[in-house]
Each structure stands twice: as C-alpha cells, then as structure tokens.
Amino acid sequence: MMQHPLISDYIKHNQYGQLIGMDFEIIKSGLLHYRLNIQAKHLATPLAAHGGLIASLCDAALGVVALSAVCEQNKVVSTVEYKINFISPAQLNNTLLAVSKVESKGNRIIVSSCDVFCENDNMRLVAKALGTFNAYPAEKAGYSK
C-alpha cells in the first residue's frame with residue numbers, strides 16, 4: 001500500500017517507536033501489522049518483557065490503524081481510552097506480531113482492536129487490546145497539508 005504523507009510524517013516524528021524498535025506495515029486502510037523483536041533492554045525480569053512494552057506496542061498498533069482510516073481526510077487521531085489483557089509472557093528473542101483492525105469508524109470516534117502474537121512460538125497469543133480514538137484535523141496536531 002502506498003504511504004500517505006501523514007503516515008510518513010508520523011514515522012518521522014515517532015521517536016518513541018524508534019527507541020523501542022517497533023515497525024509497522026499498513027496492509028490496507030483499517031488493517032495493520034506491527035512487529036517488535038524482544039531484546040534484553042525490554043526485559044522486566046530475567047525472562048519476561050515489561051508489560052509496558054507490550055502496552056506500547058498495542059497502543060501504537062491501535063492508533064496507527066485508526067490513523068490509516070482517516071488520513072485521507074487529512075485527520076489524525078488521539079487516544080481516548082484503551083484496555084489491554086495480558087495473556088502470556090513475551091520473552092527474550094521473541095518476535096511479536098500485533099494485528100490491528102478498525103472495528104467501527106464514525107465521523108470522529110474510531111474503535112480499533114489488536115491481537116499480539118508470538119511469531120516464533122506457533123502464533124501464541126500474548127495480549128489483546130481494544131481502543132477508542134478521536135479523529136481531528138491534522139493541523140491541530142502540528143502537521144501541515
């Protein structure tokens with residue numbers, strides 16, 4: 001899928017995503033895959049990744065998939081709320097795949113879901129998340145047309 005300029009700007013300005021090593025692919029508007037390889041710097045215990053890391057992956061996947069649904073209207077999104085259920089641990093050298101999709105899209109409110117799987121462990125479910133986002137004009141977030 002061709003990258004929209006707002007998506008490219010998001011990538012450029014998302015220093016946090018770069019810091020922790022997340023990378024995404026928009027499959028189509030409203031469907032996205034986000035990947036993250038668990039490194040030693042992500043661990044909270046000798047074996048398991050910090051829950052905040054998994055929560056960050058979910059928040060990013062939920063938000064970017066919502067963004068993919070409104071960027072053509074020159075809108076961006078902000079998180080209104082999200083919840084996460086941690087199902088199983090992510091461990092060192094696991095590759096996580098977050099599959100996120102838009103469940104509902106109104107004029108301003110978007111609901112998206114995310115399932116996080118461990119790719120190198122038979123697609124074991126790691127977490128599930130659901131988020132609500134507010135869509136608003138990109139100029140209000142500092143993006144230009």
Side-chain angles (χ1 to χ4, degrees), residues 1-136 138 141-143:
M1 176 177 183
M2 193 164 139
Q3 198 114 291
H4 189 276
L6 276 176
I7 303 290
S8 296
D9 278 352
Y10 170 80
I11 294 168
K12 177 181 169 187
H13 292 98
N14 185 8
Q15 300 297 312
Y16 183 70
Q18 293 172 27
L19 175 71
I20 62 176
M22 296 187 299
D23 188 38
F24 67 85
E25 175 186 9
I26 297 172
I27 307 303
K28 64 180 183 178
S29 176
L31 179 62
L32 152 121
H33 289 174
Y34 229 124
R35 283 190 170 76
L36 173 65
N37 295 312
I38 303 298
Q39 302 168 29
K41 67 181 179 179
H42 299 138
L43 299 180
T45 72
L47 296 177
H50 193 285
L53 178 76
I54 309 304
S56 293
L57 177 62
C58 287
D59 183 43
L62 292 165
V64 175
V65 80
L67 176 61
S68 78
V70 296
C71 62
E72 290 295 332
Q73 301 162 4
N74 202 44
K75 290 183 179 180
V76 294
V77 299
S78 62
T79 307
V80 174
E81 68 84 32
Y82 85 100
K83 73 171 292 294
I84 184 168
N85 292 81
F86 297 102
I87 310 297
S88 65
Q91 298 178 322
L92 184 63
N93 298 319
N94 284 169
T95 299
L96 301 184
L97 169 65
V99 178
S100 190
K101 65 180 180 176
V102 170
E103 299 289 346
S104 173
K105 179 183 170 289
N107 187 38
R108 290 197 52 183
I109 300 297
I110 300 165
V111 175
S112 55
S113 65
C114 176
D115 291 330
V116 178
F117 303 97
C118 180
E119 282 191 316
N120 49 341
D121 188 7
N122 294 323
M123 298 300 280
R124 171 177 48 85
L125 186 62
V126 172
K128 293 180 82 59
L130 185 69
T132 305
F133 295 83
N134 177 52
Y136 61 98
Y143 295 100

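Applying side chain to side chain contact (heavy atoms under 4.5 Å, CB included) to Leu130 and the options Leu62, Asn85, Val111, Ile84 leaves one that passes, Val111.
How far CD1 of Ile110 is from CD of Glu103: 12.5 Å, rounded to the nearest 0.5 Å. Expressed to the nearest 0.5 Å, how far SG of Cys58 lies from CG of Leu53 amounts to 10.0 Å. Distance OG/Ser100 to CD1/Ile27: 11.5 Å, rounded to 0.5 Å. Summarising the geometry, atom CG belonging to Asn94 is positioned 5.0 Å from atom CG belonging to Asn120; distances are rounded to the nearest 0.5 Å. Rounding to the nearest 0.5 Å places CD of Gln91 at 10.5 Å from CG of Leu96. For the atom pair NZ of Lys105 and OG of Ser112, the computed distance is 13.0 Å after rounding to the nearest 0.5 Å.
Nearest approach of Gly131 to Tyr82, heavy atoms of both residues: CA-CB, 3.7 Å. In terms of heavy atoms, Phe133 sits closest to Val80 at C-CG2, 4.0 Å. Heavy atoms only, all atoms of each residue included: Thr45 and Leu43 are closest at O-CB, 3.3 Å. Listed here is the closest heavy atom pair of Val77 and Gly63: CG2-O, 3.5 Å.
Remark: side-chain polar atoms of Ser88 are paired, donor with acceptor, to backbone N or O of Leu125 under 3.5 angstrom. Side chain of Lys128 to main chain of Ile87: no donor-acceptor pair is present (N/O by atom type, distance under 3.5 Å, no hydrogens or angles).
Here ring-ring contact (aromatic ring centres under 6.0 Å, His included) pairs that include residues 23-70, with residues two or more places apart or in two chains, are Phe24-Tyr34.
Considering only residues two or more places apart in sequence or on other chains, Arg108 meets the salt bridge (Lys or Arg N to Asp or Glu O under 4.0 Å) condition with none of them.
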